[in-house]
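For reference, the structure discussed in these notes is given below.
Proteins get letters first, then strands, A, B, ... in listed order; numbering begins at 1 in each.
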Protein chains: 2
Amino acid sequence: MITKKESSTNSLNSKVIIECPVSYTIEMIGGRWKTIILYQLRYEPLRFGQLKKMLPLITEKMLAQQLKQLEIDRLVVRDAKEIIPPHVEYYLSESGKTLLPILTSMAEWGQIHNPFTKDCKV
Amino acid sequence: MITKKESSTNSLNSKVIIECPVSYTIEMIGGRWKTIILYQLRYEPLRFGQLKKMLPLITEKMLAQQLKQLEIDRLVVRDAKEIIPPHVEYYLSESGKTLLPILTSMAEWGQIHNPFTKDCKV
DNA sequence: CAGGATCCCTAATGATACTG
DNA sequence: CAGTATCATTAGGGATCCTG
């Protein structure tokens, strides 16, 4: 079993913080990219290249890195067909789907409170 | 008016990211401490020292810094009585209170999914 | 196509000491 | 009590180049 302690890069106190439910959740979906990646996956599986197009500002490194962490945390499933050229799909796990109400609420809250939100639906 | 661009330390792309509702919300409550601070304030106003006791691992610098950012973002109100010794209370603004459903959902999700959660109710 | 490997910089966080 | 100031550390993120 991979514990958060091993898969995380955080220091000492993360172990204690992480025992608190709210903090645990924010560790799982926090950071600049994870929520938006999860949210993009809300409807259907997406390929690496599709996600990259939907998130034009993300670097390939960050996308790969965040997807890997989401996979380790069992929120996202990586489905790779062993063909040439590679075809890899990502989709929400059952656990990941249970985050959707939270992500939706966050999207609604942002839609209301963000003065900069215009037509961005993400 | 203080825009997020000015109050944030993020670089170029934050401007675009921030226009997305989900990302905007995560910018407001993300990081290691903000959710837990907001969540501690869910019932009643708390003083600086009380928060410090409830979050034994936070440094005074981080607590002051995060509270200041939450105040700038209008999620928390700082109420300081001008007396000696100082008496300062923090409480959720109306806008901050609208985050409570999200924070509660996050706490519930963490309670269910965190294998390390024991009796920590935060 | 879907990444991996490297290098590098800065923002974020921490430790410690000090103060109105 | 409720913070600041200063210094040191680290982790997040980006640029670029490379590959099965």
Evaluate side chain to side chain contact (heavy atoms under 4.5 Å, CB included) for B:Tyr91 paired with B:Leu46, printing each intermediate quantity in order.
-> CA-CA 7 Å; B:Tyr91 58 90; B:Leu46 292 174; over 6 Å; no
B:Glu89 atom CD is separated from D:dA2 atom P, nearest whole Å, by 9 Å
May I have the distance from A:Ile84 (atom CD1) to D:dT19 (atom P), rounded to whole angstrom?
-> 16 Å
Tell me: CE of B:Met62 to P of C:dT16, nearest whole Å?
-> 16 Å
The contact string for nucleotides 2-7 of chain C, one letter per nucleotide 5' to 3', using protein heavy atoms under 4.0 Å with B, S and - for base, sugar-phosphate only and none, comes out as SBS-BB
Interatomic distance where CD belongs to A:Gln66 and P belongs to D:dA11 [whole Å] = 15 Å
Nearest-Å distance, CG (B:Leu63) to C1' (D:dG3)?
-> 10 Å
Please report, to 0.1 Å, the donor-acceptor pairs under 3.5 Å made by any side chain of residues 51-64 of chain B, with sequence neighbours excluded.
from: B:Lys52; atom 1: NZ; to: B:Glu60; atom 2: OE2; distance (Å): 2.7
from: B:Thr59; atom 1: OG1; to: B:Met62; atom 2: N; distance (Å): 3.2

For A:Val77, does its backbone N or O pair with a side-chain atom of A:Ser93 as donor and acceptor, under 3.5 Å?
-> no
In whole angstrom, give the distance that lies between atom CG of B:Leu46 and atom C1' of D:dG3.
-> 17 Å
Taking NZ from A:Lys34 and P from D:dG12, how many angstroms apart are they, rounded to a whole number?
-> 9 Å
Atom CG of B:Leu55 and atom C1' of C:dG14: how far apart are they, to the nearest Å?
-> 15 Å
May I ask you to decide if A:Gly110's main-chain N or O and B:Thr25's side chain share a donor-acceptor pair within less than 3.5 Å?
-> yes
Within a strict 4.5 Å, meaning less than it, do heavy atoms of the B:Lys81 and B:Pro86 side chains meet?
-> no
When the ring planes of A:Trp109 and B:Tyr24 are compared, do they come out parallel, tilted or perpendicular, using 30° and 60° as the limits?
-> parallel
